[in-house]
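Nothing here was measured: the structure is a model prediction, and the numbers come from that model.
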Amino acid sequence: MTDTGIEITADLVRDLLQEQHPDLAGLAIREVAGGWGNHMWRLGDELAVRMQRMDPTPEFQLKERRWLPVLAPHLPLPVPTPVRFGEPSERFPKHWTVMTWVPGQPLDHGSISRGAHAADTLAGFLRALHVEAPAEAPIATDRGAHPRKCTDGFENFFQAVAPDDIAADIRAVWDDAVAAPEWAGPPVWVHGDLHPANVVVSDGTLSGIVDFGDLSAGDPAWDLAAAWVLLPAGTASRFFDTYAHADEAAIRRARGLAAVKSLFLMLMGQNGDRGLPGGKPNWGPVGRAALDRVLKGV
């Protein structure tokens with residue numbers, strides 16, 4: 001269901017295509033499991049329909065429509081690129097977008113066995129993404145900002161799920177990130193939401209990046225946190241060596257942000273175990289494993 005109470009079904013998707021993009025209405029439609037803010041449907045073999053579901057505004061989809069066609073040609077991994085726009089109508093009063101499909105398995109349902117290759121691949125992707133953003137780029141208000149602006153979020157997650165036996169270690173990592181100097185360079189493009197459900201893997205390594213709804217201009221440390229959140233244990237050092245543009249302060253901020261992201265995954269897992277809306281039971285173990293990597297450092 002959406003926040004307007006409309007159930008999104010294959011028949012609804014087909015009807016909307018028939019109304020606005022009839023040349024695509026004959027393609028096979030298959031539901032993609034997962035998602036909260038948006039509901040995904042495969043469309044044939046090469047496309048997907050991204051339906052606004054619980055996101056309160058169309059901002060995230062409109063941002064992807066505006067900027068992914070600009071960024072995609074410069075990125076070394078496949079990303080979803082908008083090919084058709086679906087506008088609100090009487091049948092469905094929200095935005096929807098037809099995008100290219102990024103093949104692979106989401107990492108929260110898969111694994112990385114080629115750690116060194118994945119570290120090099122992620123570093124290469126982020127080096128290509130982290131270029132100075134234009135003046136008209138969306139500005140980060142939370143994701144993409146310095147950790148000190150996110151202390152409330154950290155405290156909420158920390159109080160909810162931080163294990164007692166490692167709570168002091170988690171707080172020490174966070175306090176160090178808050179104390180680290182700010183990003184001194186120009187705001188760069190930041191994905192902002194790199195976690196295991198937003199990357200896809202195949203052949204044991206990273207093969208694509210999805211969900212750019214939080215794309216903004218800001219501090220690259222938000223994405224560098226993926227060294228611990230996504231990559232296997234022992235590969236963070238290789239990642240930073242290959243990335244080659246992160247100073248000590250950026251790594252400190254990134255490690256603290258990785259702790260926040262890990263706690264968030266654990267909270268979503270806890271919510272899933274309790275049957276709460278939007279909860280993801282399989283994210284709990286993923287988040288705890290990431291947190292263990294964070295505490296071990298580079």
Q: Indicate yes or no for a side-chain donor-acceptor contact from Arg253 to the backbone of Asp176 under 3.5 Å, with no hydrogens or angles considered.
A: no

Q: Output the distance between atom CG (Asp120) and atom CZ (Arg114), rounded to the nearest 0.5 Å.
A: 10.5 Å

Q: Report yes or no: do Ile112 and Val199 belong to one cluster of Ile/Leu/Val/Met/Phe/Trp/Tyr joined by side chain heavy-atom distances under 4.5 Å?
A: yes

Q. Under 3.5 Å, is there a donor-acceptor pair linking the side chains of His245 and Arg127?
A. yes

Q | Distance, nearest 0.5 Å, that separates CG of Asp108 from CG of Leu265 | A | 9.0 Å

Q) What class does the angle between the rings of Phe157 and Phe264 fall in, given that below 30° is parallel, 30 to 60° is tilted and above 60° is perpendicular? A) tilted

Q. Do side-chain atoms of Gln105 reach the backbone of His109 as a donor and acceptor pair under 3.5 angstrom?
A. yes

Q | Reported CD-to-CD distance for the pair Glu19 and Glu90, which is rounded to 0.5 angstrom | A | 9.0 Å

Q | Salt bridge present between Asp175 and Arg252 (N-O < 4.0 angstrom) | A | no

Q: In plain terms, say whether Glu155 and Arg171 are close enough for a salt bridge, that is, a side-chain N and a carboxylate O under 4.0 Å apart.
A: yes

Q | Residue pair Val32, Trp41: steps toward the side-chain contact (heavy atoms from CB on, under 4.5 Å) verdict | A | CA-CA 5 Å; Val32 179; Trp41 296 79; 5.6 Å; no

Q. Taking atom types as modelled and ignoring hydrogens, do the side chains of His39 and Gln52 form a donor-acceptor contact shorter than 3.5 angstrom?
A. no

When the side chains of residues 225-235 are checked against the rest of the protein, which donor-acceptor pairs come out under 3.5 Å, sequence neighbours left out?
{"residue": "Trp228", "atom": "NE1", "partner": "Gly297", "partner atom": "O", "Å": "3.2"}
{"residue": "Thr235", "atom": "OG1", "partner": "Pro232", "partner atom": "O", "Å": "2.6"}

Q. Cationic tip of Arg42 within the cone over Trp101's six-membered ring, i.e. under 6.0 Å and within 45° of the normal?
A. yes

Q | Sidechain-backbone polar pair: Arg91 side chain, Leu12 backbone, donor-acceptor under 3.5 Å | A | no

Q.
For Gly192, is there any backbone N or O sitting under 3.5 Å from a side-chain donor or acceptor partner on Asp223?
A. yes

Q: Applying salt bridge (charged side-chain N to carboxylate O under 4.0 Å, His left out), run through Asp292 and Lys296 and close with a yes or a no.
A: CA-CA 6 Å; Asp292 289 342; Lys296 291 177 181 176; over 6 Å; no

Q.
A quick test of your reading: do over 12 heavy atoms of other residues, nucleotides or ligands sit less than 6.0 Å from CD of Glu136?
A. yes

Q) Tell me, do Met99 and Glu64 make a side-chain contact under 4.5 Å, heavy atoms counted? A) yes

(Q) So Pro103 and Ser202, do their side chains get closer than 4.5 Å, heavy atoms only? (A) no

Q) Between Asn156 and Leu267, is a side-chain contact (heavy atoms from CB on, under 4.5 Å) present by the stated rule, with each step listed? A) CA-CA 10 Å; Asn156 289 337; Leu267 180 58; over 6 Å; no

Q.
With rounding to the nearest 0.5 angstrom, report the CG to CG distance, Leu24 to Leu17.
A. 6.0 Å

Q. Does any non-hydrogen side-chain atom of Trp96 lie less than 4.5 Å from one of Glu87?
A. no

**Q.** Closest heavy-atom pair and its distance - Ala254, Leu224
**A.** CB-CB, 3.7 Å

**Q.** Donor + acceptor pair across side chains of Arg65, Thr97 (<3.5 Å)
**A.** yes

Q) So how far is it from Arg255 CZ to Leu295 CG, rounded to the nearest 0.5 Å? A) 6.5 Å

Q: Applying ring pair (Phe, Tyr, Trp, His ring centres under 6.0 Å), run through Phe85 and His95 and close with a yes or a no.
A: CA-CA 8 Å; Phe85 299 161; His95 287 75; 9.3 Å; no

Q. Any ring-ring contact (aromatic ring centres under 6.0 Å, His included) pairs touching residues 169-198, not counting sequence neighbours?
A. Trp67-Trp189, Phe154-Trp174, His191-Phe212, His195-Trp283

